[in-house]
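Only one structure is covered here, and it is reproduced in the block below.
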Amino acid sequence: MNKIQGKDVWVLVVQVLLLSLIVLSPALISYINSGDGKLAMDSLWIAFYWMAPAMGIYLLNFYFSVPLLWFRRRFWLFGVVNVAMIVIGNLHFIGNFGVIPDFARAGYSSFVIFSLLFCLMAIAIALSIRYMLRRNERKQKEVEAELAWLKNQINPHFLFNTLNNISSLAQIDGDETQEAIMQLSDLLRYALYESNKPKVPVSGEVEFMQNYIDLMKLRCNEMTQVNAQFTIHDSQVEVAPLLFISLVENAFKHGMDSNAPATIDISLCEEDGTLVFVCDNTNNPKPTKDRSGSGIGLENTRRRLNLLYGGRYEWEQTVTPDNIYHVKITIRL
């Protein structure tokens with residue numbers, strides 16, 4: 001049995017409120033126009049007497065017939081159940097047909113036919129809304145699956161690059177390698193456990209990026225200048241995990257140059273629910289023959305932003321005249 005979720009309760013509440021408003025509307029209109037309480041109550045009773053069958057059929061279809069019969073392709077049983085509900089729901093109309101005077105039967109027949117059509121319309125509405133909700137649920141599941149896939153792409157890629165860095169460092173300085181392994185342990189702990197959450201406090205992301213930057217700085221020579229600045233006014237503001245790490249990776253991968261001066265500037269600022277990430281690095285494209293991992297980080301970051309913050313983010317990506325690769329992301333959380 002599926003667990004009842006908060007959205008299911010809200011759907012039920014909204015439907016009950018709308019159906020109640022439909023039933024109460026004639027009585028409210030009658031009372032506003034006449035000020036007669038008895039006339040308003042009569043209008044309420046007539047509206048309920050006439051609409052109750054269709055409303056009951058709508059709710060039974062929405063919560064039972066459509067999901068359990070129609071969606072399981074038991075169309076014949078769906079039809080039988082609905083015919084039975086329509087007949088039972090309108091027995092009080094059909095049963096009174098014999099006692100109606102001859103001169104009133106034509107009008108009463110029209111009234112019964114209209115009631116039956118109203119019931120059919122209730123079935124159609126229940127089907128339409130259920131299809132719409134199922135489509136939205138499927139779309140949400142597809143989005144969640146794609147986000148999970150994108151994060152799984154980030155973790156192995158991030159681990160591969162970091163291990164390569166430590167492998168290179170081990171040939172230079174054994175003591176710094178020990179420190180780097182400890183930092184890598186902290187990074188992996190965060191990447192494996194904290195990143196499973198849909199959102200994390202931005203303070204955690206800042207600490208993660210700072211540890212990664214410190215680790216990467218161990219590989220930089222005196223010709224590479226690294227600057228990192230984080231300004232967070234509300235440390236509990238939440239953001240999607242590992243959202244910027246691919247861009248930081250790219251900055252070090254393409255920004256460092258052992259033969260020429262290079263600069264890497266990374267900043268993250270949060271103020272009044274707006275997050276601004278800026279990454280500037282000297283533009284040193286990798287040789288054509290070495291394209292490992294090329295484009296993966298940028299593509300994944302753009303895709304995750306579209307899925308998580310579509311319509312609420314801005315992306316700026318340029319190469320300045322002085323050969324600085326510039327990326328700026330602004331997110332309205």
Side-chain angles (χ1 to χ4, degrees), residues 5-11 14 133 136-155 157-158 186-216 226-252 264-281 295-318 325-333:
Q5 301 179 355
K7 65 178 180 180
D8 299 320
V9 176
W10 276 110
V11 169
V14 170
L133 291 176
N136 291 340
E137 288 173 359
R138 285 182 172 178
K139 185 177 180 180
Q140 181 64 28
K141 289 179 180 178
E142 289 173 359
V143 169
E144 291 173 356
E146 184 172 359
L147 284 171
W149 181 83
L150 289 171
K151 282 201 292 186
N152 287 336
Q153 293 292 306
I154 292 171
N155 286 346
H157 186 246
F158 156 77
D186 292 337
L187 290 172
L188 291 180
R189 187 178 298 110
Y190 182 89
L192 291 174
Y193 298 109
E194 296 301 319
S195 69
N196 290 329
K197 303 173 184 177
K199 291 184 179 181
V200 295
V202 70
S203 57
E205 282 293 288
V206 167
E207 182 179 358
F208 177 77
M209 283 192 290
Q210 185 66 70
N211 285 338
Y212 182 79
I213 292 168
D214 290 342
L215 178 61
M216 296 299 296
V226 180
N227 303 304
Q229 182 177 357
F230 303 100
T231 306
I232 306 299
H233 293 89
D234 184 355
S235 61
Q236 295 307 307
V237 168
E238 293 189 324
V239 67
L242 306 180
L243 193 58
F244 307 113
I245 191 61
S246 293
L247 300 176
V248 177
E249 282 186 273
N250 284 345
F252 281 96
I264 299 172
D265 293 318
I266 298 166
S267 69
L268 182 66
C269 177
E270 180 279 325
E271 186 172 5
D272 296 331
T274 297
L275 206 59
V276 180
F277 173 83
V278 178
C279 187
D280 295 333
N281 59 270
I296 292 177
L298 287 175
E299 291 175 6
N300 281 4
T301 302
R302 290 295 299 264
R303 185 58 183 155
R304 289 185 72 201
L305 285 168
N306 285 330
L307 292 172
L308 293 167
Y309 301 103
R312 293 189 289 133
Y313 83 94
E314 297 173 4
W315 177 283
E316 184 180 302
Q317 179 183 347
T318 60
Y325 186 84
H326 168 80
V327 175
K328 179 181 179 181
I329 301 172
T330 304
I331 304 174
R332 295 178 295 278
L333 301 173

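Using a 4.5 Å heavy-atom cutoff, the side chains of Ile213 and Phe252 are in contact. Counting heavy atoms from C-beta outward, Asp234 and Glu271 have side chains that stay 4.5 Å or more apart. Tyr190 is not listed as a side-chain neighbour of Asn211, based on a closest heavy-atom distance of 4.5 Å or more. Side-chain contact check for Val248 versus Ile266: some heavy-atom pair is nearer than 4.5 Å.
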Start with the C-alpha distance between Ile331 and Leu305, add both sets of side-chain angles, then the distance that settles side-chain contact (heavy atoms from CB on, under 4.5 Å), and finish with yes or no. CA-CA 9 Å; Ile331 304 174; Leu305 285 168; 3.8 Å; yes
Carefully, step by step, assess Asn306 and Tyr313 under the rule side-chain hydrogen bond (donor to acceptor under 3.5 Å, both in side chains). CA-CA 8 Å; Asn306 285 330; Tyr313 83 94; 2.6 Å; yes
With side-chain contact (heavy atoms from CB on, under 4.5 Å) as the test, would you mind laying out the steps for Asp265 and Asn281 before giving the verdict? CA-CA 6 Å; Asp265 293 318; Asn281 59 270; over 6 Å; no
Working for side-chain contact (heavy atoms from CB on, under 4.5 Å), residues Val278 and His326: CA-CA 7 Å; Val278 178; His326 168 80; 3.9 Å; yes
Could you please spell out the steps behind the side-chain contact (heavy atoms from CB on, under 4.5 Å) verdict for Leu268 and Val276? CA-CA 6 Å; Leu268 182 66; Val276 180; over 6 Å; no
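Screening Val239, Thr330, Ile329 for a side-chain contact (heavy atoms from CB on, under 4.5 Å) involving Leu275 leaves a single residue, Val239. In summary, of the residues considered (Lys328, Glu270, Met209), a side-chain contact (heavy atoms from CB on, under 4.5 Å) with Phe277 occurs for Met209 alone.
Counting heavy atoms of neighbouring residues, nucleotides and ligands inside a 6.0 Å radius, atom CD of Glu207 does not exceed 12 of them. In Glu316, the CD atom is crowded: over 12 heavy atoms of neighbouring residues, nucleotides or ligands sit closer than 6.0 Å.
Between Asp280 and Val327, the closest heavy-atom pair is OD1-N, 4.1 Å. For the pair Arg312 and Leu333, the tightest heavy-atom approach, listed with the atom from each and the gap, is NH1-C, 3.5 Å. Between Ile232 and Val202 the shortest heavy-atom distance is CG2-CG1, 3.6 Å. Between Glu205 and Pro241, the shortest heavy-atom distance links the atoms OE2-CA, 3.6 Å. Considering every non-hydrogen atom in both Cys279 and Ala251, the closest pair reads SG-CB, 3.4 Å.
Tyr309 contributes no side-chain N or O that, together with a main-chain N or O of Arg304, makes up a donor-acceptor pair within less than 3.5 Å.
The pair Glu314-Arg332 meets the salt-bridge criterion, with a side-chain N (NZ, NE, NH1 or NH2) lying under 4.0 Å from an Asp/Glu carboxylate O.
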